[in-house]
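Note sheet for the following structure.
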Amino acid sequence: MVLWVCCALLLLLLHDQLVPDVGAQVENRVTFLPGTFQNVSIPQNETVQAVVSRILPEVAFITLQFHTQRRNATLSYSRVPDQSSSLTGVDSGLLSALEPSQTTLSLFLSSPDSEAVAGTGVILPYSGSDPVPGACNSEFSLEVDPNVYIRYNLYETTVLFASANLGYERGQTPPACDESTDTNTRWRLQYDVYQYFLPENDLSESSLFSGHQAVAGVQQMTAVGKRVMTLLSTDKTSAVFNSIPGQGVIYSVIVRDPLLNTSASYVPAHTYACSFTSALDGCQTLGKVSTKVFFTITGLAGLFVCFFGHRFFKCELFCMGFSFSAFFVFVLVTRTTDLHYDERLAVSAVVGVVGGVLLMMSWWRFGSVLACVAVVGLMLGFLVASVVLFTPLGDLDAFRNSDAVFWTTFSCIVLVVPLFFLRWPREGNICTCGVVGGYAAVLAVNAYVYTSLSFITLNILKRLLNSRFSAAFTDVPFQTIDYAMITVWVVLGVCGVVLQLYRERARPFFPPSPYLMWQQERERRKTNVLDPSHHFPPLPSRLLERARQLTRRREPAGEHTPLLL
């Protein structure tokens with residue numbers, strides 16, 4: 001019995017030595033199995049050896065990708081990294097071509113910033129018929145670079161990658177990259193650019209790692225990601241997208257060989273279009289205080305206009321004139337000056353107040369309802385045009401490749417909407433109050449909680465401010481909060497329009513101009529002799545007479561004529 005127990009313990013010990021534990025990291029060594037994600041912790045000032053085991057004979061090359069959220073990690077072919085054989089970043093990957101009898105492979109992970117780094121990685125195997133991502137690299141430091149590089153600013157996010165090559169078996173010589181452009185060369189390859197949106201308002205590490213696990217390979221990305229465009233080998237290996245600060249997006253490229261019907265995935269890369277290390281306007285503190293104050297006041301004014309705009313016509317005109325003036329002055333100041341954001345916002349607010357007062361006073365003085373309602377109609381036309389081009393229609397090549405086509409279409413929609421105000425001015429004005437006022441309330445919510453609806457007008461603003469933004473894809477995610485905000489917008493708009501139509505059904509279409517009413521009252525007093533006010537001299541005459549009384553010498557009191565006997 002004791003002999004059987006000793007034999008069992010010996011077999012267990014040999015099994016533990018021959019088959020390492022794949023699910024756990026042992027000191028500074030971690031073992032990967034193809035297609036299985038592995039969480040890795042890189043200690044401070046140490047190097048972790050990533051061992052790939054059990055590589056099948058039909059595998060010609062593999063890619064190791066490693067992802068972190070905030071801190072950079074260095075992935076290298078050797079224990080001591082150098083510039084030509086290593087890559088540092090939050091999304092890094094290396095491609096290794098295998099020798100004919102090779103079954104294991106070792107790569108190395110380290111922290112470049114002398115800080116502990118935690119991330120997740122995966123090994124993806126490919127056969128000799130699959131295209132090799134980044135094998136015809138001529139732009140980046142690695143000889144074979146399967147990575148997707150992301151650059152972003154306030155307006156746009158640019159995705160860059162290196163050209164791929166045709167696949168080849170173990171031990172064979174790689175095909176030449178640029179000797180010819182025949183169909184038997186890498187020029188037949190096609191590149192599908194994909195994007196995958198992470199959950200909104202979720203900046204957690206677990207959400208990012210779950211997203212990378214969902215889109216790591218070809219099958220995963222094609223199943224859950226959205227293909228945005230397809231590039232040919234003759235096209236520039238880059239794509240431009242709309243920057244969405246605070247929204248996590250994973251970009252990837254799938255290279256396809258249409259002749260062999262095979263494909264391979266580049267290393268996906270993510271961005272939040274913001275910085276986790278910035279103390280001001282970082283990912284955790286998006287939105288300036290000035291922006292929140294400005295849009296909070298705008299949202300409250302929008303709610304007032306939504307439900308009471310037509311009744312208080314002067315207030316509505318002030319709000320519409322303020323919005324109209326502030327928007328275009330902000331664009332003008334941004335394009336022509338170097339003022340800081342808060343200064344530009346303050347100047348726009350001041351000029352907006354002046355514009356609102358001028359529009360209100362023009363109605364007060366001249367009483368032209370159609371002229372004022374035309375400006376109000378332009379506001380509704382602007383919003384309708386922005387909504388139309390916010391849909392997938394805005395990403396059509398005709399609009400992305402030509403600013404003339406885009407702005408001509410936009411202007412036509414803006415000008416067509418006010419034409420309906422000529423026939424139904426009151427109904428059009430009330431509809432504008434409901435739609436524009438409800439959207440202002442949505443913008444106020446966006447100042448505190450991210451929603452994609454703000455990009456309805458923000459995309460137009462970006463295109464006005466940045467001439468390069470026309471080439472960007474303006475697709476944004478639509479998730480639970482966005483559908484909730486659409487519902488809020490629709491409910492506010494419908495309730496505001498119905499309430500104002502019901503309340504104004506028995507009242508005049510528009511309130512009369514105060515100046516014209518004052519003129520009519522003055523003429524009435526002049527011609528109506530039965531009106532007691534008719535017998536009073538006009539105000540200037542009364543004031544002049546009062547001034548004369550103050551300067552005139554008083555007559556002494558007493559009798560001035562002799563008594564008659």
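What you see is a predicted model; the values in this text were computed from it and never measured.
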If you look only at pairs with a residue in residues 212-236, which of them pass as a ring pair (Phe, Tyr, Trp, His ring centres under 6.0 Å), with sequence neighbours excluded? H67-H212, H212-H270
Taking the six-membered ring for Trp, is the centroid-to-centroid distance between Y155 and F469 below 6.0 Å? no
Test item: Y191 side-chain N/O and A164 main-chain N/O as donor-acceptor pair under 3.5 Å: yes
What pairs with A444 under side chain to side chain contact (heavy atoms under 4.5 Å, CB included), at least two apart in sequence or on another chain? none
Rounded to the nearest 0.5 Å, what separates atom SG in C136 from atom CD in E143? 11.0 Å
Can you tell me if T334 and R344 form a side-chain donor-acceptor pair at under 3.5 Å? yes
So does R71 pair up with D113, basic N to acidic O under 4.0 Å? no
Could you check V253, V267, N137 and say which one makes a side chain to side chain contact (heavy atoms under 4.5 Å, CB included) with P146? V267
Would you please say whether a donor-acceptor pair under 3.5 Å links the side chains of T457 and Y439? yes
Check the angle between the aromatic planes of F382 and F410 and answer parallel, tilted or perpendicular using the 30° and 60° thresholds. perpendicular
d(T36 OG1, Q213 CD) to nearest 0.5 Å is 10.5 Å
Kindly indicate whether the side chain of Y194, heavy atoms from C-beta on, has any atom under 4.5 Å from the side chain of V215. no
Considering only heavy atoms from C-beta outward, does the side chain of T234 approach that of W187 to under 4.5 Å? yes
